[in-house]
Amino acid sequence: MNEDLIRPRLVLITTPLSDADAETAMRAALAGGDVASVIIDPAGRDEASFQRLAELLVPMIQEAGAAAIIVDDTRCAGRVGADGIHVTGGEVAALAEAIDRFAPKLIVGGSGFETRHEALEAGEKLPDYLFFGRLGADLADEAHEKNLEMAEWWAEIVELPCIVMAGRSIESVAEAAATRAEFVAVSAAVFADPQGAGAAVARANALFDAYMESEAA
């Protein structure tokens, strides 16, 4: 076993959550097992609607010991006392601006960097993490092969943490963990079935444990 191997941790992304299911599904998910952070996605909501969603979710996320990270809306993040900002779009300048404005007070990470060159340029700005995948793009049961390839390459050569997007099936966190990314993100795998959110989080953590045991064998 590689003594430097770190057990991956779960990141939840709220993209599929409806307003009606948000509270019960999030409480169930957070009670299901270890969750490092929750990325709260506007997912097409207007500013006021997203503000209400964030006001609902951020306190319960923080009470569970996870970090609440707001996608793109820095004003909302400030108003709700979120722990971080996630910058989408793959623009190095936008990520750098967010880091300059908010780090180290807030966690700042980004996504949308599609090539190795773009990812390395973004990493030079020293965000807290890079995310490989796209919010809402977990349409297949398996993780996207390109995301896995990027995460595996990144984890091997760069110390900066990364998050890799798993697929629509919770079982896909196993292949995502095998990249040795520090964090594995799930969205539809947990929230497409709000009633099963807690069980899905428990299953993900069981798969992480199994991965660690297999590496130790």
Side-chain angles (χ1 to χ4, degrees), residues 2 4-15 26 29-30 32-41 57 61-62 64-71 82-88 90 95 98-99 103-104 106-113 119 122-123 125-138 142-191 197 200-212 215:
N2 181 352
D4 296 329
L5 185 66
I6 299 173
R7 182 188 185 277
R9 297 189 68 198
L10 198 64
V11 174
L12 305 180
I13 303 175
T14 66
T15 308
M26 185 60 68
L30 292 168
D34 179 60
V35 172
S37 60
V38 180
I39 297 175
I40 305 174
D41 182 9
L57 296 182
I61 293 165
Q62 293 173 336
I69 299 175
I70 298 291
V71 173
D83 301 292
I85 298 289
H86 180 90
V87 181
T88 63
L95 179 61
I99 292 167
L106 296 181
I107 297 165
V108 180
S111 61
F113 303 101
K125 305 303 179 183
L126 299 180
D128 291 290
Y129 66 84
L130 284 190
F131 181 104
F132 296 117
R134 287 187 176 274
L135 306 186
D138 51 334
E142 300 79 21
H144 196 288
E145 188 64 31
K146 182 178 179 181
N147 298 339
L148 298 176
E149 290 173 357
M150 288 287 285
E152 185 173 15
W153 160 75
W154 185 267
E156 184 176 351
I157 69 166
V158 183
E159 291 187 7
L160 187 79
C162 74
I163 304 172
V164 61
M165 187 78 210
R168 190 176 182 85
S169 167
I170 201 65
E171 302 300 311
S172 68
V173 305
E175 61 179 347
T179 65
R180 302 199 172 188
E182 291 85 353
F183 301 95
V184 174
V186 290
S187 186
V190 169
F191 292 128
V201 169
R203 177 60 179 159
N205 277 286
L207 288 165
F208 291 155
D209 290 338
Y211 163 69
M212 295 299 289
E215 289 293 304

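For the numbers below, each heavy atom of this structure counts, side chains included, while hydrogens, waters and symmetry mates do not.
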Nearest heavy atoms of Pro161 and Glu182, plus distance in Å:
CA-OE1, 3.4 Å
Interatomic distance, Leu207 atom CG to Met212 atom CE [nearest 0.5 angstrom]
13.5 Å
How far apart are the C-alpha atoms of Leu12 and Val186, what are their side-chain angles, what is the distance that settles it, and do they pass the side chain to side chain contact (heavy atoms under 4.5 Å, CB included) test?
CA-CA 5 Å; Leu12 305 180; Val186 290; 3.7 Å; yes
Heavy-atom nearest pair, Ala66 first then Asp83, reads O-OD2, 4.0 Å
Smallest separation among heavy atoms of Ile170 and Ala200, with atom names:
CG1-O, 3.4 Å
Backbone N/O of Val108 and side chain of Asp128: donor-acceptor pair under 3.5 Å:
yes
Does any N or O in the side chain of Asp41 come within less than 3.5 Å of the main-chain N or O of Thr14, such that one atom is a donor and the other an acceptor?
no
With rounding to the nearest 0.5 angstrom, report the CZ to CZ distance, Phe113 to Phe132.
9.5 Å
Could you state the interatomic distance from CZ (Phe183) to CG (Leu130), rounded to the nearest 0.5 Å?
12.5 Å
Between SG of Cys162 and OH of Tyr129, what distance do you get to the nearest 0.5 Å?
12.0 Å
Drop me the distance from Ser37's OG to Leu10's CG, to the nearest 0.5 angstrom.
8.5 Å
Is there a side-chain contact between Ile40 and Ile61 (heavy atoms, below 4.5 Å)?
yes
Audit row: Leu126, Ile99, side chain to side chain contact (heavy atoms under 4.5 Å, CB included) steps and yes/no:
CA-CA 8 Å; Leu126 299 180; Ile99 292 167; 5.8 Å; no
I need the minimum non-hydrogen distance between Ala122 and Leu95, along with the two atoms involved.
CB-CD2, 3.9 Å
Smallest heavy-atom separation, Ala151 atom then Thr179 atom, equals CB-OG1, 3.9 Å
Can you name the residues that form a side-chain contact (heavy atoms from CB on, under 4.5 Å) with Ser172, not counting sequence neighbours?
Ala166, Glu175
Side chains of Arg7 and Asn205: does their closest heavy-atom pair fall under 4.5 Å?
yes
Tell me the closest heavy-atom pair linking Ile163 and Ala185, and the distance in Å.
CG2-CB, 3.6 Å
Carefully, step by step, assess Phe191 and Met26 under the rule side chain to side chain contact (heavy atoms under 4.5 Å, CB included).
CA-CA 8 Å; Phe191 292 128; Met26 185 60 68; 3.7 Å; yes
Does the side chain to side chain contact (heavy atoms under 4.5 Å, CB included) test come out yes or no for Phe208 and Val184, once each step is laid out?
CA-CA 10 Å; Phe208 291 155; Val184 174; 3.8 Å; yes
Any non-hydrogen side-chain atom of Met165 less than 4.5 Å from a side-chain atom of Ile13?
yes
How would you list all residue pairs meeting side chain to side chain donor-acceptor pair (under 3.5 Å) that involve residues 147-157, not counting sequence neighbours?
none
In this structure, CZ of Arg134 is separated from OG1 of Thr88 (nearest 0.5 Å) by 8.5 Å
Determine whether Val38 and Ile69 make a side-chain contact, defined as any pair of heavy atoms from C-beta on separated by less than 4.5 Å.
no
